[in-house]
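See structure below.
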Amino acid sequence: MSHILDGLNSAQRQAVTATDGPVLVLAGPGSGKTRVLTRRIAYLIQEMGVPPWRIMAMTFTNKAAREMLNRVTTVLEGNTKGLIIGTFHKICAMILRREASFLPIANDYVIFDTADQRALMKLVLIEDLNLSDKQYTPQMVLGKVSNAKNDLIHPENYPINSYRDEIIQRAYQRYQLRLVANNAVDFDDLLMRAVMLFEQQPTVLQRYQTSYDHMLVDEFQDTNLAQYRLVQQLVERHQNIFCVGDEDQSIYRWRGADYRNVRRLREDFPDLQSILLEQNYRSTQTILDAARAVIDKNPHRTKKALFTDRGDGVKLMLHEAHDEVEEGQFVVETIATLTATDDIDPGECAVMYRTNAQSRAIEEAFVRANLAYRLIGATQFYRRKEIKDVLAYLRVVHNPDDDISMLRIINTPTRGIGKKTLETLQAWANNTQGSLYRVIEAMVDTPEQAPLSGRALNSVRRFGELLRGWQDVKAELPVNDLIQLILDETGFQDSLIDGTDEGNDRWGNVEEFVNVSVDFADVPLAEFLTELALVSEVDDLPEDVNAPSLMTLHAAKGLEFDVVFLVGLEEGILPHINSIDDPEQMAEERRLFYVGMTRARERLYLLYAFERFRYGSRDQFGVSRFLADVPSELLVGNRPLGGARQRREAAVTAWPSGGGRNGPDLPFDLPNNGARQRVFHSGERVVHAKYGEGIVIESKLRTSDEEVSVMFDDFGMKHLLASLAKLRKLDG
DNA sequence: CTTCCAGATGTTTTT
DNA sequence: CATCTGGAAG
């Protein structure tokens with residue numbers, strides 16, 4: 001038959017050619033699930049005669065969507081007109097835009113990002129609820145609100161078990177009202193509002209149900225309840241749902257992902273066909289065995305018998321670095337050696353870490369060696385201050401009721417609208433139930449009624465006239481020209497360039513942004529803004545540069561490399577400190593490690609550092625517990641004996657090994673930093689030569705010392721080093 | 001109203 | 001350490 005089934009094994013064929021109805025493909029890492037997904041789409045179109053425009057595929061990242069579309073287009077030689085492959089968020093944004101007449105927001109709504117959300121929630125807490133934003137931080141409340149939205153819980157149904165819940169419910173309620181007033185939605189709203197819309201408007205839902213005959217979902221294990229419900233709604237009529245996922249790669253529980261959706265799917269679709277993909281085409285057997293040993297420690301999972309015919313390959317390599325500097329150095333030197341002697345492509349190497357903050361040390365190592373690298377994510381371009389400012393201008397021009405963006409730009413660059421003036425404006429806006437823009441507009445039109453005096457009034461009016469000018473031209477002008485006009489008329493460049501390097505950098509970023517916007521010249525402003533709000537970390541991996549990639553473990557999902565370095569394998573980092581006391585979260589940390597390991601085709605390096613610089617001090621974390629689960633016969637250890645290391649040896653006891661049930665099973669003993677005793681403990685009264693008496697608040701062991709935080713009766717809080725400070729315990 | 005400084009504060013992971 | 005915030009000086 002055709003090339004659609006070429007090169008597929010029997011399980012893959014079974015999936016691609018499955019009959020209509022619900023299908024779940026449970027795929028191990030590297031089992032070719034993207035391949036199956038793309039071939040399935042091609043199969044539907046070419047063999048089953050389904051028109052491309054009646055197929056919708058959902059992914060989690062733009063990159064995955066783009067890649068899949070490219071692949072399908074290649075297989076079908078371009079016969080894919082109207083095929084919809086997009087992220088959940090983007091497809092929902094599109095639906096909301098099209099069906100805005102059924103919604104409390106207009107179709108020119110904007111999407112609030114995390115920073116906007118925080119600013120808005122702050123207003124809610126302080127102005128609406130008269131709370132200090134210290135007790136109830138916007139971040140914490142937003143977390144709860146986000147969870148609720150992902151679980152499709154509306155404000156009025158928010159479960160109340162405590163006074164705190166009551167506060168959160170009220171904040172949630174006010175927050176939603178304010179979003180509507182701003183003609184805005186947040187990320188979670190995109191999903192929740194789409195589901196709500198379909199629930200409340202059966203005819204609208206029906207239109208979508210009959211427009212699309214087939215729904216495909218990638219990374220099904222990462223769906224949250226809202227996403228699950230959305231898919232369920234859309235396939236209710238025809239039941240043609242095709243999901244691909246791997247519960248062992250579920251790493252987004254914290255943002256609502258619920259791998260129990262797999263179980264839900266089985267219950268909701270009793271005639272679900274399940275297909276298991278167990279053959280791995282990516283990694284060596286050694287890497288696979290090591291990864292499996294790690295993931296098998298997680299409870300409550302269907303074990304997969306992963307296998308490969310790629311052969312054993314080389315053993316995993318373990319390296320203890322002295323600190324994060326040496327860790328980076330080891331990575332760079334190893335890559336340099338591999339590319340020089342083993343015929344490995346620099347672009348086929350990747351460094352993965354738990355937190356973005358860890359990238360810096362690695363980057364510095366590359367810079368020191370004068371070698372190129374590709375950094376994924378981190379300080380994202382579109383989240384930089386100056387870029388967000390320019391974006392805020394566009395958003396206000398597009399959607400004048402966006403008060404959050406208005407607050408950003410009203411005095412940026414400074415134009416004499418200070419705190420006092422702003423307060424007056426806000427008070428007036430509150431009184432008239434309008435947005436800041438309406439108030440400013442009124443000052444332009446009827447200045448005699450304005451509650452402001454000459455100078456401030458003038459500043460506001462001039463600003464209002466600028467805004468109005470941009471609004472008048474926004475429809476005709478391409479985005480890039482509009483941006484240029486705004487930059488010119490606000491004196492943006494002069495305000496950034498202040499003689500410092502930083503200022504030049506910032507202006508450079510703005511210029512880069514202008515360049516990017518040229519590509520969008522014929523795209524409407526609304527679409528441009530949506531696009532930018534939904535771009536993701538992984539999206540901008542420059543394909544044309546042949547250099548190693550640096551990324552978080554989360555960003556690594558779906559990618560593969562010949563050589564992978566997993567760095568910072570320390571207790572408190574991976575597993576992350578915040579996850580350690582929750583078994584569910586610990587299981588997810590383990591899956592994260594598993595995802596990292598299974599990215600490697602040929603060589604896998606596992607690194608941890610003896611000590612590490614963080615928050616301005618050196619700390620020792622100890623070896624990650626996950627390393628203990630890597631079978632020692634699959635590992636080759638490489639342990640340097642640095643000076644500092646030897647010094648510590650005396651004061652340190654090794655991990656319980658041999659007879660110890662929980663001790664790591666490694667080719668050598670690992671250090672543990674629990675042995676040294678602290679001298680001071682919280683609650684103890686102490687006396688200091690200079691500060692007098694006080695009480696110990698906290699005491700932490702540092703590399704070679706003990707850091708004591710003392711609240712002195714007369715001098716307040718001080719942080720002291722036990723060895724240097726003249727500090728003595730008081731009896732009783 | 002703006003700028004500057006000191007002190008507090010904080011970081012998981014991302015659409 | 002690095003960024004943000006709030007308060008005081010310019």
Side-chain angles (χ1 to χ4, degrees), chain A residues 58-65 86-93 111-115 117-118 122 133-134 137 139 143 146 149-150 185-192 219 222-224 226-227 250-257 324 352-361 376-380 382-385 411-423 455-456 459 495 498 502 530-539 551-557 568 572-580 582 585 588-589 591-593 595-596 612-619 716-717 719:
Chain A
M58 311 265 208
T59 65
F60 278 83
T61 65
N62 289 306
K63 191 189 180 217
T87 64
F88 275 96
H89 289 266
K90 210 188 229 171
I91 287 174
C92 288
I111 300 169
F112 273 10
D113 70 11
T114 318
Q117 292 183 52
R118 222 170 273 167
K122 202 168 171 181
D133 60 347
K134 296 227 169 120
T137 63
Q139 220 172 336
S146 175
K149 288 183 176 182
N150 288 331
V185 300
D186 63 18
F187 288 128
D188 306 312
D189 274 345
L190 287 170
L191 305 172
M192 186 176 75
E219 307 282 14
D222 286 335
T223 52
N224 59 34
Q227 285 157 332
S250 164
I251 53 174
Y252 285 104
R253 208 179 84 95
W254 50 273
R255 76 177 188 202
E324 79 283 354
M352 301 171 189
Y353 33 79
R354 176 65 232 266
T355 64
N356 280 307
Q358 290 168 257
S359 75
R360 166 173 299 207
I376 322 292
T379 338
Q380 277 183 304
Y382 295 110
R383 295 207 185 138
R384 296 199 181 136
K385 266 192 293 283
N411 201 30
T412 315
T414 51
R415 54 170 68 85
I417 304 178
K419 203 174 147 199
K420 259 279 165 51
T421 313
L422 187 56
E423 268 171 24
R455 192 167 165 157
S459 305
S495 77
D498 54 1
E502 200 197 343
T530 304
E531 195 74 27
L532 292 197
L534 299 178
V535 289
S536 75
E537 311 273 325
V538 207
D539 283 345
M551 67 192 82
T552 63
L553 286 163
H554 283 89
K557 194 161 74 159
I573 297 181
L574 181 70
H576 193 271
I577 183 87
N578 297 0
S579 304
I580 276 177
D582 176 357
Q585 287 191 63
E588 179 144 320
E589 297 290 311
R591 290 194 290 270
L592 208 43
F593 183 44
V595 166
R612 186 174 287 276
F613 203 71
R614 208 188 58 156
Y615 290 155
S617 65
R618 305 213 143 266
D619 282 310
M717 181 74 94
H719 304 286

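Just so we're on the same page: letters track the sequence lines, and every chain starts at 1. Just so you know, these numbers come straight off a predicted model, no measurement behind them.
Between the CZ atom of A/F112 and the P atom of B/dT14 there is a distance of 23 Å, rounded to whole Å. For the pair A/L191 CG and B/dT15 C1', the computed distance is 8 Å after rounding to whole Å. When rounded to the nearest whole Å, the span between CG of A/N150 and P of B/dT15 equals 14 Å. Atoms CD (A/Q585) and C1' (B/dT13) sit 11 Å apart, rounded to a whole Å. As rounded to whole Å, 13 Å separates atom P of B/dT15 from atom CG of A/L190. Atoms CZ (A/R614) and C1' (B/dT11) sit 9 Å apart, rounded to a whole Å. Between the CZ atom of A/R118 and the P atom of B/dT11 there is a distance of 7 Å, rounded to whole Å.
A/D113 comes within 4.0 angstrom of nothing in the nucleic acid, heavy atoms only. If you check every strand for non-hydrogen atoms under 4.0 Å, A/R253 touches nothing.
With B/dT11, C/dC1, B/dT13 as the candidates, the nucleotide lying closest to the side chain of A/W254 is B/dT13. Distance from the side chain of A/T114 is smallest to B/dT15 among C/dC4, C/dA2, B/dT15. Here the nucleotide nearest the side chain of A/K122, chosen from C/dT5, B/dT14, B/dT11, is C/dT5. Comparing C/dC4, B/dT14, B/dC1 against the side chain of A/K420 picks out B/dC1 as the nearest.
At a threshold of 4.0 Å, the pair A/R591-A/E588 counts as salt-bridged, since one of the basic side-chain nitrogens sits closer than that to a carboxylate oxygen.
The backbone N or O of A/Q358 lies less than 3.5 Å from no partner atom in the side chain of A/E324, so there is not a single donor-acceptor pair.
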